[in-house]
Amino acid sequence: MQITSIELFELLRPKLGEQEARTLVQYVEIKSEEAYTSKKNILATKEDVANIKADLIKWMFIFWVGQIGVLIAILNMFFKK
């Protein structure tokens, strides 16, 4: 359930008073904005995920080519003796 600032203010005003409710709502908004800005730098975007997938595929291909090269070299050494 998502609650807006206005709804929060309307819920708190009868219990705390108008000025205290406004101050508390502003405090909650500031803290949530600070939390968002501190975490938005560490969140991965779709572009980040796509780049990681492309790099992973590239390195997997390089690994497979290397493994095939080593396997061919070992088989050549084995069958030449």
Side-chain angles (χ1 to χ4, degrees):
M1 182 175 139
Q2 193 173 19
I3 188 166
T4 64
S5 299
I6 296 171
E7 291 171 332
L8 180 61
F9 175 74
E10 292 299 324
L11 288 171
L12 294 174
R13 186 172 48 152
K15 296 177 183 174
L16 298 177
E18 188 167 334
Q19 185 60 35
E20 290 81 7
R22 182 173 288 123
T23 303
L24 184 58
V25 169
Q26 288 173 349
Y27 176 77
V28 168
E29 288 175 347
I30 290 170
K31 285 299 180 182
S32 64
E33 184 66 30
E34 287 174 0
Y36 171 73
T37 50
S38 70
K39 291 186 178 164
K40 80 175 179 181
N41 294 330
I42 60 172
L43 294 175
T45 62
K46 289 181 181 180
E47 184 178 312
D48 294 335
V49 173
N51 289 339
I52 290 171
K53 283 176 100 175
D55 285 342
L56 183 61
I57 290 171
K58 176 182 75 173
W59 284 109
M60 286 172 53
F61 180 73
I62 291 170
F63 176 75
W64 292 334
V65 169
Q67 288 295 321
I68 290 170
V70 169
L71 181 62
I72 290 171
I74 290 172
L75 289 175
N76 274 338
M77 288 173 49
F78 180 73
F79 285 120
K80 284 189 177 184
K81 287 187 175 185

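Small disclaimer: the values here were computed from a predicted structure and weren't measured.
In this structure, Leu56 places its CG atom where more than 12 heavy-atom neighbours from other residues, nucleotides or ligands lie under 6.0 Å away. Applying the 6.0 Å contact sphere to CD of Glu47 captures no more than 12 heavy atoms from other residues, nucleotides or ligands.
Leu71 is connected to Phe78 through a chain of hydrophobic side-chain contacts under 4.5 Å among Ile, Leu, Val, Met, Phe, Trp and Tyr, so both are in one cluster. Placement of Val65 and Ile62 in two distinct hydrophobic clusters is found when ILVMFWY residues are connected by side-chain heavy-atom separations under 4.5 Å, directly or transitively. Linking ILVMFWY side-chain heavy atoms closer than 4.5 Å, directly or via other members, places Val49 and Ile57 in two distinct hydrophobic clusters.
Atoms CD and CD1, on Gln67 and Ile72 in that order, are 11.5 Å from each other to the nearest 0.5 Å. In this structure, Glu10 CD and Thr4 OG1 are separated by 9.0 Å, a value rounded to the nearest 0.5 Å. Distance CZ/Arg13 to CG/Leu8: 12.0 Å, rounded to 0.5 Å. To the nearest 0.5 Å, the span separating OH on Tyr36 from CG on Leu43 amounts to 7.5 Å.
The main-chain N or O of Thr45 is found under 3.5 Å from a side-chain atom of Asp48 such that the two form a donor-acceptor pair.
Other residues sharing the hydrophobic cluster of Ile52, ordered by chain and number and joined by side-chain separations under 4.5 Å: none, the residue standing alone.
Note on residues 52-78: no pairs pass salt bridge (Lys or Arg N to Asp or Glu O under 4.0 Å), not counting sequence neighbours.
Contacts of Lys39 classified as salt bridge (Lys or Arg N to Asp or Glu O under 4.0 Å), with partners at least two apart in sequence or in another chain: none.
The two residues Thr37 and Glu34 have their closest heavy-atom pair at OG1-O, 3.0 Å. Closest approach of Leu16 to Ala21, counting heavy atoms only: CB-N, 4.3 Å.
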